[in-house]
Amino acid sequence: MYLIANWKMYLEFDESVELAQEIANFLIPKGVKLVVCPSDIALADVYSSLPKKVGKGAQDGYWVEKGAYTGAVSMEMLKTVGCEYVIVGHSERRRQFHENNEAVAKKMLAAWEWGMTPILCIGETKEELASGRRASVLREQLGAIFLEHQHEVKECFVSYEPVWAISQGGVGQHCEPRDLEIAMHEIVEWVGECTDLEQIHFLYGGSVTADNVHSYMKVKHLEGVLVGAASTHKDKLQALLTALA
Ligand code: PGA
């Protein structure tokens with residue numbers, strides 16, 4: 001089982017390094033793979049504090065290698081500090097930074113080119129769900145890479161994260177496991193029409209905590225979870241890792 005810890009913009013530099021040092025003392029159950037995605041300013045220091053067996057991830061990366069791109073960090077740059085996994089197309093990037101499916105696909109291709117494993121996030125908004133557009137939105141998000149670049153696909157993660165279920169702190173609106181089962185079935189079927197499913201790891205993300213992770217892990221096809229808020233607290237993260245075993 002995978003646990004992708006997306007620390008978003010929650011932790012300061014010192015807090016990030018401190019948590020990485022705590023993780024070095026964690027009891028990570030056998031069969032559970034933790035991947036940590038800190039903010040860019042803390043990447044190198046967090047990576048050097050983490051034990052070897054913990055995956056080194058990043059929250060985003062730009063597809064161009066070098067040049068006049070103020071504020072951007074390229075996939076090549078991530079690779080040179082030791083990054084192994086990179087999140088692409090998170091709904092917060094899609095909505096707040098206006099990233100479209102085409103840009104997300106370019107990021108995936110660049111991640112593969114630099115020998116990293118992309119973690120593609122897909123998911124519909126509340127409005128898209130309410131107007132019955134979930135299926136078409138997910139198909140478009142998946143199609144931009146799995147259909148348009150069918151022959152370039154390598155190992156990757158696909159994390160289904162309904163936008164309306166993210167950052168609810170485990171108390172607000174959440175995705176019922178039986179609804180997740182239906183969505184996962186569709187997603188796996190579509191991806192399977194385009195590519196070899198052996199190389200795709202399916203995840204769920206959206207207010208996952210140690211209390212609800214078990215119910216999600218029963219859902220067919222799921223190999224793990226992508227966790228935001230709950231992965232930024234030492235005790236909550238340890239509890240999640242234990243619950244995943
Ligand atoms: P959350 O974030 O766990 O804080 O809801 C999940 C995500 O962004 O996928």
Side-chain angles (χ1 to χ4, degrees), residues 1-12 15-16 19 23 32-40 42 46 55 57-61 85-99 101 104 107-108 111 117-126 128-129 134 137-138 141-142 156-177 179-180 183-184 187 200-217 219 221-244:
M1 285 293 166
Y2 291 92
L3 195 165
I4 315 293
N6 177 12
W7 291 353
K8 306 194 180 185
M9 209 175 71
Y10 284 124
L11 302 176
E12 301 290 340
E15 293 168 329
S16 304
L19 183 52
I23 290 172
V32 177
K33 172 80 177 177
L34 171 66
V35 176
V36 172
C37 304
S39 68
D40 285 350
V46 164
Q59 297 176 19
D60 186 38
Y85 303 85
V86 57
I87 298 172
V88 297
H90 192 281
S91 60
E92 286 148 18
R93 302 281 331 161
R94 291 179 190 265
R95 288 190 311 151
Q96 286 147 13
F97 299 91
H98 312 292
E99 289 184 8
N101 286 328
V104 174
K107 291 181 174 193
M108 283 199 82
T117 308
I119 302 162
L120 170 68
C121 298
I122 58 164
E124 79 287 353
T125 63
K126 202 174 181 167
E128 287 161 349
L129 179 70
R134 185 189 68 180
V137 167
L138 296 182
Q141 292 174 341
L142 290 166
C156 65
F157 291 83
V158 172
S159 190
Y160 172 56
E161 317 198 342
V163 179
W164 44 271
I166 293 176
S167 298
Q168 302 290 317
V171 288
Q173 193 175 8
H174 68 281
C175 185
E176 291 293 340
D179 294 333
L180 178 58
M184 285 317 298
I187 291 166
I200 319 292
H201 309 286
F202 294 97
L203 308 172
Y204 170 73
S207 303
V208 175
T209 65
D211 295 332
N212 62 23
V213 71
H214 202 62
S215 62
Y216 290 130
M217 282 307 95
V219 173
H221 307 294
L222 282 186
E223 284 186 57
V225 283
L226 191 151
V227 185
S231 75
T232 62
H233 299 94
K234 182 184 80 158
D235 296 339
K236 290 182 184 173
L237 181 55
Q238 175 68 82
L240 260 162
L241 288 164
T242 308
L244 261 181

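Counting starts at 1 for both ligands and their atoms, following the listed order.
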Exercise. Does Glu92, backbone or side chain, put an N or O under 3.5 Å from an N or O of ligand 1?
Worked result: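 No: no nitrogen or oxygen of Glu92 is under 3.5 Å from one in ligand 1.
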Problem set entry | Under 3.5 Å: N/O of Ala230 near N/O of ligand 1 |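 N/O-N/O distance below 3.5 Å does not exist for this pair.
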Within the 4.0 Å heavy-atom shell around [X], which atoms of ligand 1 are there?
| X | result |
| --- | --- |
| Glu161 | 7 (C), 8 (O), 9 (O) |
| Ala229 | 1 (P), 3 (O), 4 (O) |
| His90 | 7 (C), 8 (O), 9 (O) |
| Leu226 | 7 (C), 9 (O) |

[X] and [Y]: which non-hydrogen atoms are nearest, and at how many Å?
| X | Y | answer |
| --- | --- | --- |
| His221 | Met184 | CD2-O, 4.5 Å |
| Ser39 | Lys8 | CB-O, 4.1 Å |
| Tyr10 | Ser167 | OH-OG, 4.2 Å |
| Asn101 | Arg94 | OD1-NH1, 2.6 Å |

Exercise. Does Glu12 CD have over 12 foreign heavy atoms under 6.0 Å away?
Worked result: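 It does not: Glu12 CD has 12 such atoms or fewer within range.
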For this session: In sequence, state the C-alpha distance, the side-chain angles, and the governing distance for His174 and Asn212, and then conclude on side-chain contact (heavy atoms from CB on, under 4.5 Å).
Result: CA-CA 10 Å; His174 68 281; Asn212 62 23; 5.7 Å; no
Problem set entry | Residue-ligand contact Ser207/ligand 1, heavy atom below 4.0 Å |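 Yes, that is the case, since the closest heavy atom of the residue is under 4.0 Å from the ligand.
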